[in-house]
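Below: one structure, written as structure tokens.
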Amino acid sequence: MSSGTPSQPVQEFFSIGEVCQLTDLKPHVLRYWESQFRFLNPAKNRSGNRVYQRREIELIMLVKHLLYTEKYTIEGARQKIEQYRRSGELKPEARRALATETVKELRAELKSVLGILEGS
DNA sequence: ATTCTCACA
DNA sequence: TGTGAGTA
């Protein structure tokens, strides 16, 4: 199976560097998106460094897909995600984008993504 | 080495 | 978005 192997614990927290490697995005892009999408608020550790949760990485992948693959503008992506939030469902393309990313461990259910979207 | 904020192109 | 400066 590709998910949940009991013997090998799944990583829970990620540094911005790890997220960048996983999403193929640059740190400054991630920080910029934070200023554009309210739902992208990684926690900060004691020293002020960003600590990402898997769900946030999924959201980042979704934003990346909307922006780069579907070529939405920042505003367009915001509206689209707001739309997902209301309808409670993702379009097949976006869904595929999340499942296609070769990072098996990041493949959580879309419910978790939609959950984070609540109150954005 | 890595990440952070801020400034600026 | 990209890059550099000066930090922590």
Side-chain angles (χ1 to χ4, degrees):
Chain A
M1 286 321 196
S2 56
S3 63
T5 299
S7 57
Q8 196 170 181
V10 178
Q11 192 172 337
E12 182 78 21
F13 306 109
F14 305 78
S15 67
I16 191 171
E18 296 175 312
V19 176
C20 287
Q21 188 187 309
L22 260 26
T23 62
D24 192 37
L25 290 168
K26 298 298 185 184
H28 69 264
V29 173
L30 254 29
R31 297 186 184 114
Y32 173 59
W33 286 358
E34 272 178 51
S35 69
Q36 306 303 303
F37 301 97
R38 293 181 227 166
F39 51 81
L40 293 185
N41 307 90
K44 303 287 189 68
N45 60 26
R46 183 175 302 187
S47 48
N49 285 16
R50 270 157 263 252
V51 177
Y52 295 85
Q53 304 284 298
R54 302 172 49 165
R55 297 216 180 82
E56 305 185 82
I57 302 180
E58 291 168 39
L59 277 177
I60 289 171
M61 294 191 290
L62 172 57
V63 171
K64 178 188 177 185
H65 176 262
L66 257 25
L67 259 33
Y68 299 165
T69 303
E70 293 195 19
K71 302 190 183 306
Y72 274 78
T73 57
I74 295 285
E75 184 51 44
R78 266 189 218 135
Q79 291 178 22
K80 198 65 184 180
I81 290 173
E82 173 60 26
Q83 184 184 312
Y84 291 153
R85 221 200 70 187
R86 308 213 62 180
S87 64
E89 175 128 18
L90 292 175
K91 286 290 177 55
E93 305 78 60
R95 188 171 215 133
R96 208 175 308 127
L98 290 174
T100 299
E101 294 294 330
T102 56
V103 194
K104 308 174 192 172
E105 288 117 14
L106 299 180
R107 263 202 288 123
E109 267 315 299
L110 298 188
K111 278 189 178 180
S112 60
V113 174
L114 295 172
I116 275 210
L117 254 33
E118 298 296 350
S120 57

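All values derive from a computational prediction rather than experimental measurement. Below, read A as the first sequence line, B as the second, and so on, with proteins coming before strands; counting in each chain starts at 1.
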Stems field, DNA chain C, Watson-Crick or wobble, 3.5 Å, at least 3 pairs, by first number, holds B:4-9 with C:1-6
Restricting to nitrogen or oxygen on both sides, can you table the protein-nucleotides 2-8 of chain C pairs closer than 3.5 Å?
| from | atom 1 | to | atom 2 | distance (Å) |
| --- | --- | --- | --- | --- |
| C/dG2 | OP2 | A/His28 | NE2 | 2.8 |

For the CG atom of A/Leu67 and the CG atom of A/Leu25, what is their distance to the nearest 0.5 Å? 9.5 Å
Contacted region of DNA chain B by chain A, from 5' end to 3' end of the hits, cut-off under 4.0 Å to heavy atoms, spans B/dT3 to B/dT5
With sequence neighbours excluded, what pairs up with A/Asn49 under the side chain to side chain donor-acceptor pair (under 3.5 Å) test? none
What side-chain donor-acceptor pairs closer than 3.5 Å can you find for residues 28-37 of chain A, not counting sequence neighbours?
| from | atom 1 | to | atom 2 | distance (Å) |
| --- | --- | --- | --- | --- |
| A/Glu34 | OE1 | A/Arg50 | NH1 | 2.8 |
| A/Glu34 | OE2 | A/Arg50 | NH1 | 2.8 |
| A/Ser35 | OG | A/Tyr32 | O | 2.5 |
| A/Gln36 | OE1 | A/Arg78 | NH2 | 3.2 |

Can you sort out the partners of A/Gln79 under side chain to side chain donor-acceptor pair (under 3.5 Å), two or more places apart, ordered by chain and number? A/Glu75
Which residues share a side chain to side chain donor-acceptor pair (under 3.5 Å) with A/Glu12, sequence neighbours left out: none
Strictly by salt bridge (charged side-chain N to carboxylate O under 4.0 Å, His left out), give each pair with a member in residues 13-27 of chain A just once, sequence neighbours left out. none
Determine the contact category for A/Arg50: base if any of its heavy atoms lies under 4.0 Å from a base atom, sugar-phosphate if only primed atoms, P, OP1 or OP2 are that close, otherwise nothing. sugar-phosphate
Partners of A/Thr73 by side chain to side chain donor-acceptor pair (under 3.5 Å), sequence neighbours excluded? none
CZ (A/Phe14) and CD (A/Gln21) are apart, to the nearest 0.5 Å, by 11.0 Å
For the side chain of A/Lys80 and the backbone of A/Leu66, is there at least one donor-acceptor N/O pair under 3.5 Å apart? no
Roughly how far, to the nearest 0.5 Å, is CD of A/Glu56 from CD1 of A/Ile60? 7.0 Å
